[in-house]
Amino acid sequence: MLRTEAAPVAPRTGDAPAREATAATGRRQGRAPAEPRRAPAARDPFLDNAKYLAVLLVAAGHAWEPLREGSRAVTALYTLVYAFHMPVFALISGHLSRHFEATPSQLARLLTGVAIPYIAFETAYTLFTRWSSDDPDRPITLLDPLYLTWYLAALFIWRLTAPAWRAVRRPAPWALAIAALATLTPSLGDDLVLQRVLQFLPYFVLGLRLGERGDARLHDGLPAWTGPWTTLATFACSLTLAACFLACVPRHRTWFTPLGAGTLYAYLLHGFLAQTAEHEGWYGGVWLRHPTGAAILTLLAAALTTALCTPPVRHLRQAVLEKPLRRTLTQLTGR
């Protein structure tokens, strides 16, 4: 779902004089020396497989949500999936952020790959919700993430803090303590759903510390003091389920490995389909309340989500959104 940062490549000895000459010329002309280019990192099929399977679970969970009432089986599946599918994404996001050092080029990619999509989809979902929720006056605000867009806001914040977490010795316990303490201040959730951002922070920080393949070590009515203990228990439970999920992910290249590169926009776009189905009353059929109907709905959600992961959709969003923004940033920064 999330783009991979390129791994550092050791410089070749023979290129050193040329680099020094280029840097010296830049200094004489009053320009800062350009960042050394990094070779593209080879995509890990394990991570792409995990992202694809996880985004299928996200879509399945949204498809099951209207069927929960009156069905203990669907409710059980829904609860199980929601216990670990977003922690999986946070773990992978942390692992893919382990080389983030806030360099100008990395910040530019963070803007084009996370911040701009957040603005675009937050606006799109607000306009869409005006129709789907019969709320024509719903304001467009970037401080109150709507529906699926909260994860982009969270990823932006998490990735900016990645260099600081790498500098901390044993960062996971500190992140877990922050998440636990955040439950004592519910008002944090008013802007950028910060309480939720902090609740998932330990998974992101743990992802920063995972091995090279990412699999090396695998409310209301309650008193406030229960929040930290609930956070610790939830973290242990969801981390166990996330580890079980990742242990089942194929480590070799499969037919769906290439689809893992397109999960971000599958995650963002499938929500329009889910909300349209609910608004149009497509869940009204009696057949959906039977196990066969729920199974067919799950397969349909998986097929539609798979279609949204395909290269044509990925190329379209790159042409419409990312490439023009990269060109603009290049013209503005000269990089």
Check your understanding: About how many Å separate CH2 of Trp255 and OH of Tyr52, when rounded to the nearest 0.5 Å?
Key -> 3.5 Å
Exercise for review: Evaluate the side chain to side chain contact (heavy atoms under 4.5 Å, CB included) criterion for residues Leu56 and Thr306: first the C-alpha distance (whole Å), next the side-chain angles of each, then the deciding distance (0.1 Å), finally the verdict.
Suggested key: CA-CA 8 Å; Leu56 289 188; Thr306 298; 3.9 Å; yes
Exercise for review: For residues Ser132 and Thr129, determine if any side-chain heavy atom of one lies less than 4.5 Å from a side-chain heavy atom of the other.
Suggested key: yes
Exercise for review: Locate the shortest heavy-atom distance separating Ser97 from Ala162; write the atom from each residue and the value.
Suggested key: O-CB, 4.0 Å
Exercise for review: Decide yes or no on side chain to side chain contact (heavy atoms under 4.5 Å, CB included) for Tyr125 and Leu148, but give the supporting numbers first.
Suggested key: CA-CA 9 Å; Tyr125 268 117; Leu148 300 168; 3.4 Å; yes
Exercise for review: Identify whether Val168 and Leu176 are in the same connected component of the hydrophobic contact network (ILVMFWY, side-chain heavy atoms under 4.5 Å).
Suggested key: yes
Point to revise | Heavy-atom pair of closest approach, residues Ala153 and Pro145 | key: CB-CG, 4.2 Å
Exercise for review: Could you tell me whether the side chain of Leu160 reaches within less than 4.5 Å of the side chain of Leu107, counting heavy atoms only?
Suggested key: yes
Check your understanding: Do Leu152 and Leu127 belong together in a cluster built from hydrophobic side chains that touch within less than 4.5 Å?
Key -> no
Check your understanding: Are Arg130 and Asp135 ion-paired here, with the side-chain N under 4.0 Å from a carboxylate O?
Key -> no
**Study point:** Heavy-atom check, side chain of Leu96 versus side chain of Leu47, under 4.5 Å
**Key:** yes
Review point. Where do Leu304 and His270 land on the side chain to side chain contact (heavy atoms under 4.5 Å, CB included) test, with the steps shown first?
Key: CA-CA 8 Å; Leu304 291 173; His270 87 275; over 6 Å; no
Point to revise | Heavy-atom side-chain proximity of Pro250 to Phe256 below 4.5 angstrom | key: yes
Check your understanding: What closest approach, in Å, do Glu101 and Arg166 show between heavy atoms, and which atom pair accounts for it?
Key -> CG-NH2, 3.5 Å
Review point. Are the side chains of Trp287 and Thr292 in touch, meaning some heavy atoms are under 4.5 Å apart?
Key: no
**Study point:** Polar side-chain atom of His279 near backbone of Gln275 as donor-acceptor pair, under 3.5 Å
**Key:** no
Exercise for review: For residues Gln199 and Ala179, report the shortest heavy-atom separation together with the two atoms involved.
Suggested key: NE2-O, 2.7 Å
**Study point:** Distance flag, aromatic centroids of Phe100 and Trp165, threshold under 6.0 Å
**Key:** no
Practice item. Please answer whether the main-chain N or O of Arg251 pairs with a side-chain N or O of Asn49 as donor and acceptor at a distance below 3.5 Å. Key: no
Check your understanding: Would a line drawn from the ring center of Trp158 to the ring center of Tyr151 be shorter than 6.0 Å?
Key -> yes
Check your understanding: If we only count heavy atoms from C-beta on, is the Leu201 to Leu198 side-chain gap below 4.5 Å?
Key -> yes
Review point. Which heavy atom in Ala307 sits nearest to a heavy atom in Val313, and how many Å separate them?
Key: O-CG2, 3.6 Å
Point to revise | Arg98 side chain vs His95 backbone, donor-acceptor pair below 3.5 Å | key: yes
Exercise for review: Kindly indicate whether the side chain of Pro202, heavy atoms from C-beta on, has any atom under 4.5 Å from the side chain of Leu206.
Suggested key: no
Practice item. Please round to the nearest 0.5 Å and tell me the distance separating atom CH2 of Trp64 and atom OH of Tyr283. Key: 11.5 Å
Review point. Any chain of hydrophobic side-chain contacts (each under 4.5 Å) joining Val74 to Ile296?
Key: yes
Check your understanding: What class does the angle between the rings of Tyr203 and Phe235 fall in, given that below 30° is parallel, 30 to 60° is tilted and above 60° is perpendicular?
Key -> tilted
Point to revise | Spacing of Arg138 atom CZ and Ser133 atom OG [to the nearest 0.5 Å] | key: 7.0 Å
Practice item. Using the side chain to side chain contact (heavy atoms under 4.5 Å, CB included) rule, take Leu239 and Leu91 through it: C-alpha gap first, then chi angles, then the decisive distance, then the call. Key: CA-CA 9 Å; Leu239 188 61; Leu91 281 167; 4.2 Å; yes
**Study point:** Distance (rounded to the nearest 0.5 Å) between Thr276 OG1 and Glu278 CD
**Key:** 10.5 Å
Check your understanding: Hey, is the main chain of Val81 close enough, under 3.5 Å, to the side chain of His85 for a donor-acceptor pair?
Key -> yes
Exercise for review: Please name the residue in the list Leu142, Leu268, Leu155 that meets the side chain to side chain contact (heavy atoms under 4.5 Å, CB included) test with Tyr118.
Suggested key: Leu142
Check your understanding: Is the Tyr265 to Phe121 ring centre distance short of 6.0 Å?
Key -> yes
Check your understanding: Is Phe272 reachable from Ile140 through a run of hydrophobic residues whose side-chain heavy atoms are each under 4.5 Å from the next?
Key -> no
Check your understanding: Just by distance, with hydrogens left out, do Thr305 and Tyr267 show a side-chain donor and acceptor under 3.5 Å apart?
Key -> no
Check your understanding: Under 6.0 Å between the ring centres of Phe128 and Tyr147?
Key -> no
Exercise for review: Say whether Thr257 and Thr254, considering side chains only, have a donor N or O and an acceptor N or O under 3.5 Å apart.
Suggested key: yes
Point to revise | For the student: nearest non-hydrogen atoms of Pro117 and Thr112, plus distance | key: CD-O, 3.3 Å
Check your understanding: When rounded to the nearest 0.5 angstrom, what distance separates CG in Leu143 from CD in Glu122?
Key -> 9.5 Å
Check your understanding: Quick one: are the ring centres of Phe200 and Phe204 less than 6.0 Å apart?
Key -> no
Review point. Does Val88 belong to the same Ile/Leu/Val/Met/Phe/Trp/Tyr cluster as Leu80, with side-chain heavy atoms less than 4.5 Å apart forming each link?
Key: yes
Exercise for review: Check the surroundings of atom CD in Glu280: do more than 12 heavy atoms from other residues, nucleotides or ligands lie under 6.0 Å from it?
Suggested key: yes
Check your understanding: Just how far is it from atom CD1 of Ile92 to atom NZ of Lys51, taken to the nearest 0.5 Å?
Key -> 7.0 Å
